[in-house]
Amino acid sequence: MADDRIIEPSDLPEYVCASTQQTAHLSPQGEKDIMTLAEVEAHYLKDKVDVYTGNTEDLADALGISVRTLYRKLQALKINAP
């Protein structure tokens, strides 16, 4: 139950807060740290390469980028192509 119209983390059960803190980095003020676009892209590409079952050409197509661009990004991030 929340006292206001906005649900704050303190209004949630402890087990919910514990699981969200594993995925979101909070500053001492409780605000989420901002990731750069490059960091977000790197995490996203690493995740997609890990779970994608097709070949590199299919992955590039699914991401909406050229194969050359995908290889360049993966090489810069030191990620092995699928």
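In this chain, residues are counted from 1 in sequence order.
- Expressed to the nearest 0.5 Å, how far NE2 of His43 lies from CG of Leu77 amounts to 10.0 Å.
- In this structure, the side-chain hydrogen bond (donor to acceptor under 3.5 Å, both in side chains) partners of Ser66, at least two apart in sequence or on a different chain, are Thr69.
- Within a 6.0 Å radius of CD in Gln75, other residues, nucleotides and ligands contribute 12 heavy atoms or fewer.
- Residues Tyr71 and Tyr52 are members of separate hydrophobic clusters, defined by side-chain heavy-atom contacts under 4.5 angstrom among Ile, Leu, Val, Met, Phe, Trp and Tyr.
- Nearest approach of Met35 to Val40, heavy atoms of both residues: CB-CG2, 3.8 Å.
- Distance check, rounded to the nearest 0.5 Å: OG1 of Thr56 to CG of Leu74 gives 7.5 Å.
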With side-chain contact (heavy atoms from CB on, under 4.5 Å) as the criterion, how do Leu70 and Leu45 come out once you've worked through the C-alpha distance, each side chain's angles and the decisive distance to 0.1 Å? CA-CA 9 Å; Leu70 178 58; Leu45 285 175; 4.2 Å; yes

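- Residues Leu59 and Leu63 meet the side-chain proximity criterion, which asks for heavy atoms closer than 4.5 Å.
- In this structure, Tyr44 places its OH atom where only 12 or fewer heavy-atom neighbours from other residues, nucleotides or ligands lie under 6.0 Å away.
- Legend: salt bridge (charged side-chain N to carboxylate O under 4.0 Å, His left out) pairs involving residues 71-80, not counting sequence neighbours, sorted by first then second residue: Glu41-Lys73.
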